Amino acid sequence: MSNRFLSAETVIESLRDNGYNNTAYALAELIDNSLQAKATRVEVGFIEKQLANKKNYTVSEITLWDNGVGMTPETLRKAMQFGGGTHRNDSEGMGKFGMGLPNSSISQCKRVDVWSWQNGGEPYHTFLDIEQMKTGDLEEVPEPVIKAIPEKFVKAFFPQRPDSGTLVIWSQLDRLSWKTGKSIYRHCEHLVGRMYRHFIAEDNIKIDSVIYKHDGTDSLSAWERFNFKANDPMYLLKNTSLPELPGNYKNEAFFEQLDKEVISVEYLDDNDEPKRADVTVTTSIVKKNISNRILKETVGKLGGTVWGKHCSKNVGVSIVRANRELVLRDSFLTSALRESKGRFIGIEVSFPPVLDNVFGVTNNKQDAIRLIPYEMKTIFTQAGFDSEQEYLRDLEENSDSLLQVLKVVAVIKKHVSALTKELDSVNVEGKAVKGEEPKTTSEGAASKATQGSAHRETHGHKTKDEAPKELKKEDVVDHLKKAGGMSDEEAEEKAERLILTGNRFLIEDVARDSEAFFDVSTSKGLTLVLFNTNHVFYQKLISKLEGDELEIMQTAIAGFARVMNETTDERRLAYLNTIRREWGLVISEFLQTPEDSDDF
């Protein structure tokens, strides 16, 4: 019976549970290593194997190779040790914790093999095997030895092997978050693109993902290839994963920078000497002109568009260390802001690795646990102080680094408030704003008729039936289907737009078997004006108008509709309807020619 202080099996299982949120975060650790090694190319491969007696494929191995500087045998062996690593004294790079390669690997698989080579030399190989580690058969990282990379990988991966580089292979996968290559890529795409957006956008690195099929022979065939694009939650970068913007805006950034503030933060170096480093808070907000341009051609809110949906996945404060995002924290935003316009602002807080201890950066680089939206009254009360000033003074006297954190948090909150206020002037709801042109000429005429009707209401010109304060979608849909002959889908779309714009008139062109050149119907606050496209007046004049002239004509007829709405005497209303029909008949007789009718 073993009398060791620690059980190998228990320790290994604890290490495997070291807090990687999912496969995407574990793969990010390997990409960090590639960036640290100055790689300009990284390829993540998902090798799929067909399940026995099934048509479906599942990932059997995950690979990552890069063209970085590679590792010497000594460095390779140290990199496979838990807490080993060689970047502990690197104040600027991404490494330092020495846990990335072994920890991320065993969080997903039972075996990891690594080859690394330099300057055109032969690759050195070593490995970790969970089962052998548990039984005690593998108590040390095997000394790296020269070993050829298996031929199936060489043929699949390298048209020409890079002069230097590293290849990592995960096998015996037992903890994957997703099972197919495409599924893993889809979940990684957004996260990896956001984590490494600055490196990708600046062309410092190209990250590819390839799905390989294992056909049972000793060869692999590339099935699908994807390229990771930068995903910028600030929306200040161009050529990102955001869908192309419309019209002349396609080469522009979606947001504009609103502010940038640099905070000097104090920290203690490795010799406990006080030093200072800068934290930068940058904010951005959606461009008003682009928002208005999209809404002109959209039924609904900006959030319902492809651009709004993309933004909805990037809500919160992006905390960035050494140009690489650690976490996107949405708790700095109120729940109301998160659920409404919060997607249309961006906040980035960036700092160097020397501030890791100040902000509580975790060894898996997934969080800065101390950089959270503290409520001052809560924390000074819980600490036993009577006032915020007294508490802050105590932190300063004890050189507590929380004082530096609170200083940064206060700046973040200040900028969130400024952004929230600025959002009030941005149209993202689809409603008309001052200076915004309507979506169509007909909508412009409807807007004028709505405003004119409101003006008449304030001057005592009431309608027969009092209009509701707000249109109800179900009432509008019912009216449009019955009086306008619209389909369910068309009526739903028109109703949604009417409610968003606030218009009480809808002007449409329809084919009618009627002597009148226009029809009017009003119900529960909505007046529907229908121009008859079969009428000669429409065909000879209205159809040829455009722009201001068409809007004037449509507004004039909407004015007639308003006269009908204000008529309270049923006999007079019947008379106006008679006039409308007879007017249309006379116009037909005046405008028709022998070519138009055999009976003329």
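In this text the structure is predicted, and so the values were computed from the model without any measurement.
Under the side-chain hydrogen bond (donor to acceptor under 3.5 Å, both in side chains) criterion, Asn534 pairs with no residue, sequence neighbours left out. Residues passing the side-chain hydrogen bond (donor to acceptor under 3.5 Å, both in side chains) test with Gln108 are Thr23, sequence neighbours excluded.
For the residue pair Asn565 / Thr522, a side-chain donor-acceptor distance below 3.5 Å is found, with atom types taken as modelled. No hydrogens or angles considered: nothing links the side chains of Ser241 and His190 as a donor-acceptor pair under 3.5 Å. Ser447 and Glu443 form no side-chain donor-acceptor contact under 3.5 Å, judged by distance and modelled atom types alone.
Once rounded to the nearest 0.5 Å, the distance linking OG of Ser291 with CZ of Phe254 reads 7.0 Å. Rounded to the nearest 0.5 Å, atoms CZ (Phe505) and CG (Leu528) are 11.0 Å apart. Atom NZ in Lys413 sits 9.0 Å away from atom CG in Leu406 (nearest 0.5 Å). Atoms CD1 and CZ, from Ile587 and Phe537 in turn, are 5.0 Å apart once rounded to the nearest 0.5 Å. Note that the OG1 atom of Thr180 and the CZ atom of Arg186 stand 8.0 Å from one another [nearest 0.5 Å]. Rounded to the nearest 0.5 Å, atoms OG (Ser350) and NE2 (His198) are 7.0 Å apart.
Salt bridge status for Asp367 with Arg329: present, with a side-chain N to carboxylate O gap under 4.0 Å. Between Arg562 and Glu566 a salt bridge is recorded (basic side-chain N to carboxylate O distance below 4.0 Å). Look at Arg504 and Glu457 and you find no salt bridge, because none of the NZ, NE, NH1 or NH2 atoms lies under 4.0 Å from a carboxylate O. Using a 4.0 Å cut-off between charged nitrogen and carboxylate oxygen, Asp232 and Lys238 do not count as a salt-bridge pair. A salt bridge is absent between Glu474 and Lys524: the closest approach of a Lys/Arg side-chain nitrogen to an acidic carboxylate oxygen does not fall below 4.0 angstrom.
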Could you please spell out the steps behind the side chain to side chain donor-acceptor pair (under 3.5 Å) verdict for Gln554 and Ser442? CA-CA 7 Å; Gln554 292 173 330; Ser442 298; 3.0 Å; yes
One pair to check against side-chain contact (heavy atoms from CB on, under 4.5 Å): Thr441 and Glu546. What are the steps and the verdict? CA-CA 8 Å; Thr441 301; Glu546 58 184 21; over 6 Å; no
Verdict with supporting geometry, His479 and Ser521, side-chain contact (heavy atoms from CB on, under 4.5 Å): CA-CA 9 Å; His479 185 191; Ser521 64; 3.0 Å; yes
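Using a distance-only test at 3.5 Å, with no hydrogens or angles considered, no donor-acceptor pair links the side chain of Trp583 to the main chain of Ala516. A donor-acceptor pair under 3.5 Å is absent between the side-chain atoms of Asn577 and the main chain of Arg580, judged by distance alone. Using modelled atom types, no side-chain atom of His455 and backbone atom of Gln451 make a donor-acceptor pair closer than 3.5 Å. Panel note: side chain Thr527, backbone Val520; no donor-acceptor pair is recorded below 3.5 Å.
Atom CG of Asn239 sits in a sparse spot, with 12 or fewer heavy atoms from other residues, nucleotides or ligands closer than 6.0 Å. By the 6.0 Å contact criterion, NZ on Lys309 is open, its count of non-hydrogen atoms from other residues, nucleotides or ligands being 12 or less. More than 12 heavy atoms of other residues, nucleotides or ligands sit less than 6.0 Å from atom NZ of Lys179. Residue Lys213 places its NZ atom among more than 12 non-hydrogen atoms of other residues, nucleotides or ligands, all under 6.0 Å distant.
Between Val529 and Ala561, the shortest heavy-atom contact is CG2-CB, 4.1 Å. The nearest pair of heavy atoms linking Lys182 to Phe226 is CE-CZ, 4.1 Å.
Between Tyr185 and Phe228, the gap from one ring centroid to the other is short of 6.0 Å.
Side chains of Asn532 and Tyr538 form no contact here, defined as non-hydrogen atoms less than 4.5 Å apart. Counting only heavy atoms from C-beta outward, the side chains of Asn22 and His187 never approach each other to under 4.5 Å. Using a 4.5 Å heavy-atom threshold, the side chains of Tyr374 and Val405 count as touching. Residues Trp307 and Leu245 have side chains in contact (heavy-atom distance under 4.5 Å, counting atoms from C-beta outward). When side chains are defined from C-beta on, Met553 counts as touching Leu541, because their heavy atoms get closer than 4.5 Å.
Judged as a side-chain hydrogen bond (donor to acceptor under 3.5 Å, both in side chains), the pairs with a partner in residues 243-257 (not counting sequence neighbours) are, in order, Glu252-Lys287.
Ring geometry for Phe518 versus Phe560: interplanar angle over 60°, hence perpendicular rather than tilted (30 to 60°).
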